[in-house]
Protein chains: 2
Amino acid sequence: MVRRSADERREELIEAAIKVMIRDGVAKATTRTIVAEAGLPLGAFHYCFRSKEELLHSVIERITQGALAPAVAAAAAGVPVADIVRDTLRVYWDRIRATPDEHLLTYELTQYALRQPGLAEVARRQYRHYLAVNGESLATMARLAGFEWTVPLPTLARYGLAVLDGLTLNWLIDRDDAAAAAALDEYAAYLVSVARP
Amino acid sequence: MVRRSADERREELIEAAIKVMIRDGVAKATTRTIVAEAGLPLGAFHYCFRSKEELLHSVIERITQGALAPAVAAAAAGVPVADIVRDTLRVYWDRIRATPDEHLLTYELTQYALRQPGLAEVARRQYRHYLAVNGESLATMARLAGFEWTVPLPTLARYGLAVLDGLTLNWLIDRDDAAAAAALDEYAAYLVSVARP
DNA sequence: GTCTATAGGAAGATAGAC
DNA sequence: GTCTATCTTCCTATAGAC
């Protein structure tokens, strides 16, 4: 066995845990399946993490970061609002379609976190983060293409997050591409209608 | 111990399982905690249900029924569109706020079902049901108050379900009443904007 | 630092007494 | 039909050999 630092081992275990969770769900991610995925002995787990909850904490932090990175399509001043809105939503949706299982996991982890006394606050912070990122994304669109939102940004951010979150969850369940695309277009039309030059 | 039929016992166990799941989450609803909640011996479980999965199936059916009953506020012809929209959304939201834990459970059960090979189809049927109910709700609003939706009903139903589903999930996590109310008002304004007399 | 062995307990399910 | 006792398996966590 190659000798590695505890920090490197931690990384390996977090990656392995995420792989298992994506493949089989959070409930199946036991200490045994995680160390097996990482190719480590069972004993390795508890000198890298004090407990399983500590690992879960790390996993949630990791997943949250990548889940909703700021997504704004490139845009120059004067670009039609409809174009930048359409492109930005397409970037978002392409990412969902590229890694559906990873996004399904984020919903599962949120539920899991809400049920663990020590992790409930993490779930709340996760959604505060989503709200902030979505708000920044909307603000950036407006700034780049030179227009204003006629709806207060916090309200628009929450409303838009709900639309994207709801559409994503629904699509992850029924995988109806056509229906999702139509609804997403409707959201685009809504956004255009609340944009003022 | 009172002597009861297996069917009555089944009902008691389903009710007990839902109670436990609302209180402590799906993961904590073991055969032991469920029979304890029902005040029955452990052995009672397996002569009422072939397996735990069979119970889960029954629980999901039960929860889904009540989760999104058709909600349309009373309306007469000629009532302003904005009024019926506002009242209908208020009926929906009051129900969420009255039983938040029960609604949180529906999300948890959906996740759980998606991970169980035998139950994944149940999750899809659940969302088909939500889509249908939401579509009927929108159609009823239009018929009662005498107007038309300018967006195709299937698209509007999916979009609207996403908004309500996303807002509900977000509120269940951060319980921010003011933010939820503002976003819900924004949805009401959107609906009014796509209604044509 | 690394890993084997095992503790200690809880899970789903069943056999068989009453 | 009802329930106790138990089987088997899996879990998290730790003790202690190397």
Side-chain angles (χ1 to χ4, degrees), chain A residues 1-21 23-60 108-109 111-113 115-119 122, chain B residues 1-21 23-60 108-109 111-113 115-119 122:
Chain A
M1 176 62 60
V2 181
R3 198 170 265 265
R4 292 180 186 278
S5 74
D7 274 356
E8 289 170 313
R9 288 274 184 247
R10 278 177 58 95
E11 284 305 307
E12 289 174 31
L13 286 172
I14 292 172
E15 291 301 321
I18 291 175
K19 261 191 208 163
V20 172
M21 288 177 189
R23 193 174 57 228
D24 301 321
V26 174
K28 294 280 175 59
T30 65
T31 54
R32 280 174 170 77
T33 59
I34 292 169
V35 294
E37 178 73 31
L40 293 174
L42 179 56
F45 193 96
H46 281 91
Y47 64 77
C48 288
F49 296 98
R50 196 188 319 266
S51 67
K52 199 185 160 188
E53 180 174 321
E54 191 177 298
L55 167 77
L56 260 296
H57 204 291
S58 301
V59 166
I60 292 176
E108 212 177 338
L109 282 173
Q111 299 292 337
Y112 182 90
R115 290 297 188 185
Q116 304 285 346
L119 287 173
V122 178
Chain B
M1 177 62 59
V2 181
R3 196 171 267 263
R4 290 181 187 278
S5 75
D7 274 357
E8 288 172 314
R9 287 275 184 247
R10 278 176 58 93
E11 285 305 307
E12 290 175 31
L13 286 172
I14 292 172
E15 291 301 320
I18 291 176
K19 259 191 208 163
V20 173
M21 288 178 190
R23 193 175 58 227
D24 301 320
V26 174
K28 293 281 176 58
T30 63
T31 53
R32 282 172 171 79
T33 59
I34 292 168
V35 295
E37 178 74 32
L40 292 173
L42 179 57
F45 193 95
H46 280 92
Y47 62 80
C48 289
F49 297 97
R50 198 188 318 266
S51 67
K52 200 186 162 189
E53 180 175 321
E54 191 178 299
L55 167 78
L56 260 296
H57 203 293
S58 301
V59 166
I60 291 176
E108 213 178 335
L109 283 173
Q111 299 291 338
Y112 181 90
R115 289 297 187 185
Q116 305 285 346
L119 287 174
V122 178

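So that the names make sense, note that chain A is the first sequence line, chain B the second, and so on, each numbered from 1.
With sequence neighbours left out, B:E15 forms a salt bridge (Lys or Arg N to Asp or Glu O under 4.0 Å) with B:R62. Every residue meeting the side chain to side chain donor-acceptor pair (under 3.5 Å) condition with B:T33, not counting sequence neighbours, appears here in chain and number order: B:T30. Taking the side chain to side chain donor-acceptor pair (under 3.5 Å) definition, one finds that B:Q111 meets it with nothing, sequence neighbours left out. Remark: B:A17 engages B:M21, B:I34, B:L55, B:V59 in a side-chain contact (heavy atoms from CB on, under 4.5 Å) (not counting sequence neighbours). For B:R23, the salt bridge (Lys or Arg N to Asp or Glu O under 4.0 Å) criterion is met by B:E37, not counting sequence neighbours.
Rounded to 10 degrees, the angle between the two end axes of the helix from C:dG1-D:dC18 to C:dC18-D:dG1 is 10°, with five pairs used at each end.
Here the closest non-hydrogen pair linking A:V26 and A:E108 is N-OE2, 3.0 Å.
Contacts between residues 42-52 of chain B and DNA chain C, defined by a heavy-atom separation below 4.0 Å, involve B:L42, B:H46, B:S51, B:K52, listed by number.
Residue A:R9 contributes atom CZ, which lies 11 Å from atom P of C:dG1 at whole-angstrom precision. Rounded to whole Å, atom C1' of D:dG1 lies 14 Å from atom CD of B:E12. Rounded to whole Å, atom P of C:dA10 lies 12 Å from atom NZ of B:K28.
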Sequence neighbours left out, cut at 3.5 Å: what donor-acceptor pairs do the side chains of residues 42-52 of chain A make with other protein atoms?
from: A:R50; atom 1: NE; to: A:E54; atom 2: OE1; distance (Å): 3.4
from: A:S51; atom 1: OG; to: A:E53; atom 2: N; distance (Å): 3.4
from: A:S51; atom 1: OG; to: A:E54; atom 2: N; distance (Å): 3.3
from: A:K52; atom 1: NZ; to: A:A29; atom 2: O; distance (Å): 3.1

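Both B:S5 and B:R32 sit near DNA chain D, but only B:S5 has its closest nucleotide nearer the 5' end.
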>> Walk me through whether A:L56 and A:Q116 qualify under side chain to side chain contact (heavy atoms under 4.5 Å, CB included).
In response: CA-CA 10 Å; A:L56 260 296; A:Q116 304 285 346; over 6 Å; no

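Backbone-only contact: A:T30 has heavy atoms under 4.0 Å from sugar-phosphate atoms and none from a base.
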